[in-house]
Colleague: 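Handing you this structure, nothing more for now.
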Amino acid sequence: MKTIFKGILLAAAFFTSCATVNSELVSCRLKYDSHTSKVKLRIPSNYVKHYLSIVTSMYSDNIHHYVYRDSSEIYINNSETLSFPNYYNIMRLNNKDSELRLQNEELIVAVNKSLAEKKRPLLPVAPDYYELSGTDANGLYWKDIKIGKISVGYLNVPEDQKQSFDNALSTLQIK
């Protein structure tokens, strides 16, 4: 029994180490609503990092892009506008889920307040956790995960790399 257990542990350690050989831990801080979150993710190596910040008196978008040679990318953002990388892929779904994911939360809250005062039915509000995925017009894979005000995802991923990018998103930590 001890031999079998040691064998299972050894195999698990081998596969875990193989899965992380070509990956790196990345982290970033995102600010929103006077709150700062630290986001960590273990992603495939050999990327070029790009950072985009759009700040106005009304909103602040911060997008961290990790772009690969084949144009696939992983992103982490706190987009308060609709400027996040998978916006058009989500819009192409054209269903209730995509409508909820793309809604302007502050606008929905304001409209629902007005509707409640008039005792009218409220509009649906997107949950704090949302996950959508699919293929784009070129047959490449994409995924978007929204947790509160933070979105992470990937796009332009060929089928042979999809599992690697899914594994990366599964390592998401938000503190």
Side-chain angles (χ1 to χ4, degrees), residues 20 23-113 122-137 140-157 161-162 164-175:
T20 59
S23 65
E24 293 179 37
L25 183 65
V26 296
S27 66
C28 61
R29 294 189 184 281
L30 296 174
K31 295 181 181 180
Y32 54 91
D33 296 340
S34 71
H35 177 76
T36 301
S37 289
K38 185 173 185 179
V39 180
K40 292 182 182 180
L41 202 60
R42 181 163 293 284
I43 67 172
S45 303
N46 301 319
Y47 57 83
V48 174
K49 181 177 181 180
H50 299 280
Y51 174 72
L52 175 64
S53 180
I54 303 168
V55 180
T56 72
S57 61
M58 297 179 65
Y59 63 86
S60 172
D61 286 356
N62 298 285
I63 305 174
H64 299 261
H65 297 270
Y66 303 89
V67 182
Y68 297 87
R69 185 173 286 148
D70 65 357
S71 297
S72 57
E73 93 175 54
I74 289 178
Y75 62 88
I76 304 169
N77 75 50
N78 70 326
S79 182
E80 294 181 33
T81 65
L82 299 178
S83 62
F84 62 95
N86 267 323
Y87 172 79
Y88 291 106
N89 288 327
I90 293 170
M91 197 168 75
R92 279 185 59 233
L93 291 175
N94 195 27
N95 60 27
K96 291 284 186 194
D97 288 332
S98 62
E99 289 174 13
L100 282 174
R101 172 60 182 93
L102 298 176
Q103 74 180 199
N104 179 318
E105 293 173 34
E106 287 76 22
L107 177 62
I108 295 297
V109 167
V111 168
N112 278 345
K113 183 178 178 183
L122 303 180
L123 298 174
V125 177
D128 277 345
Y129 179 87
Y130 230 92
E131 183 174 325
L132 296 171
S133 61
T135 55
D136 65 18
L140 298 171
Y141 289 86
W142 63 270
K143 182 179 272 189
D144 180 75
I145 300 172
K146 180 179 177 282
I147 302 172
K149 301 270 185 181
I150 296 173
S151 295
V152 298
Y154 60 74
L155 63 154
N156 301 328
V157 174
Q161 294 295 314
K162 183 180 181 300
S164 176
F165 280 73
D166 282 335
N167 290 345
L169 294 187
S170 73
T171 68
L172 176 66
Q173 296 177 11
I174 301 174
K175 295 182 180 180

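Owing to the predicted nature of the structure, the values given are computational and were not obtained by experimental measurement.
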Colleague: Using the rule given for side chain to side chain contact (heavy atoms under 4.5 Å, CB included), can you reason through V26 versus I74, listing the C-alpha separation, both sets of side-chain angles and the distance that settles it, and then say yes or no?
Modeller: CA-CA 11 Å; V26 296; I74 289 178; over 6 Å; no
Colleague: In Å and rounded to the nearest 0.5 Å, what is the OH to NZ distance from Y129 to K146?
Modeller: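 Going from the OH atom of Y129 to the NZ atom of K146 covers 12.0 Å.
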Colleague: Of all the heavy-atom pairs spanning N46 and E24, show the shortest one and how long it is.
Modeller: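 So the minimum-distance heavy-atom pair works out to N-OE2, 4.3 Å.
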Colleague: Whether the side chain of S98 engages the backbone of L93 through a donor-acceptor N/O pair (distance < 3.5 Å, no angle test) should be reported.
Modeller: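 No: the side chain of S98 does not pair with the backbone of L93.
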Colleague: Can you tell me if S27 uses its side chain to pair, donor with acceptor, with the backbone of V39 under 3.5 Å?
Modeller: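 Such a contact is absent between S27 side chain and V39 backbone.
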Colleague: Looking at every non-hydrogen atom in both residues, tell me the closest pair between Y130 and K96 and how far apart they are.
Modeller: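 Scanning both residues, the minimum pair turns out to be OH-O, 4.4 Å.
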Colleague: Indicate yes or no for a side-chain donor-acceptor contact from N62 to the backbone of L30 under 3.5 Å, with no hydrogens or angles considered.
Modeller: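 Between the backbone of L30 and the side chain of N62 there is no qualifying donor-acceptor contact (under 3.5 Å).
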Colleague: Please evaluate residues Y47 and H65 with respect to the criterion side chain to side chain contact (heavy atoms under 4.5 Å, CB included), reporting the C-alpha separation (whole Å), side-chain torsions for both, the decisive distance (0.1 Å), and the verdict.
Modeller: CA-CA 9 Å; Y47 57 83; H65 297 270; over 6 Å; no
Colleague: Tell me, do K162 and Y154 make a side-chain contact under 4.5 Å, heavy atoms counted?
Modeller: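 Yes - at least one pair of side-chain heavy atoms lies under 4.5 Å apart.
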Colleague: Supply the atom-to-atom distance I76 CD1 to L41 CG, rounded to the nearest 0.5 angstrom.
Modeller: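 The distance works out to 5.0 Å.
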Colleague: At what distance, to the nearest 0.5 angstrom, does CG of N86 lie from OG of S133?
Modeller: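 Reported value, rounded in 0.5 Å steps: 9.5 Å.
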Colleague: Hey, could you give me the NZ/CD1 distance between K38 and I174, rounded to the nearest 0.5 Å?
Modeller: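 Rounded to the nearest 0.5 Å, the NZ-CD1 separation comes out at 13.5 Å.
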Colleague: Compare every heavy atom of R92 with every heavy atom of T135, then report the nearest pair and how far apart it is.
Modeller: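 The pair with the smallest heavy-atom distance is O-NH1, 3.3 Å.
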Colleague: Give me the atom names and distance for the closest heavy-atom approach of N112 to L123.
Modeller: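 Of all heavy-atom pairs spanning N112 and L123, the closest is OD1-N, 2.7 Å.
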Colleague: Out of curiosity, K143 NZ to D166 CG, how far, rounded to the nearest 0.5 Å?
Modeller: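 Rounded to the nearest 0.5 Å, the NZ-CG separation comes out at 4.0 Å.
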Colleague: Rounded to the nearest 0.5 Å, what separates atom NZ in K149 from atom NE2 in H35?
Modeller: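 Reported to 0.5 Å precision, the distance equals 11.5 Å.
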Colleague: Heavy atoms only: give me the nearest P44-F165 pair and the separation to one decimal.
Modeller: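 Heavy atoms of P44 and F165 come nearest at CG-CE1, 4.4 Å.
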Colleague: Can you name the nearest heavy-atom pair linking A168 to I43, along with the distance?
Modeller: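 For A168 versus I43, the nearest heavy atoms are CB-CA, 4.0 Å.
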Colleague: Are the side chains of N77 and P85 in contact, using a 4.5 Å heavy-atom criterion?
Modeller: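 P85 reaches N77 side chain to side chain.
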Colleague: Describe, in one word, how the ring planes of F84 and Y87 are oriented to each other, choosing from parallel (under 30°), tilted (30 to 60°) and perpendicular (over 60°).
Modeller: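 Geometry flag for Y87 against F84: perpendicular rings.
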Colleague: Y75 and D144: side-chain donor and acceptor closer than 3.5 Å?
Modeller: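 Indeed, the side chains of Y75 and D144 share at least one donor-acceptor pair under 3.5 Å.
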Colleague: Checking M91 against Y88 for the side chain to side chain contact (heavy atoms under 4.5 Å, CB included) test, could you report, in this order, the C-alpha distance in whole Å, the side-chain angles of both residues, the deciding distance, and whether it holds?
Modeller: CA-CA 5 Å; M91 197 168 75; Y88 291 106; 3.6 Å; yes
Colleague: Within a reach of under 6.0 Å around NZ of K175, are more than 12 heavy atoms found that belong to other residues, nucleotides or ligands?
Modeller: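 Not more than 12 within 6.0 Å, no.
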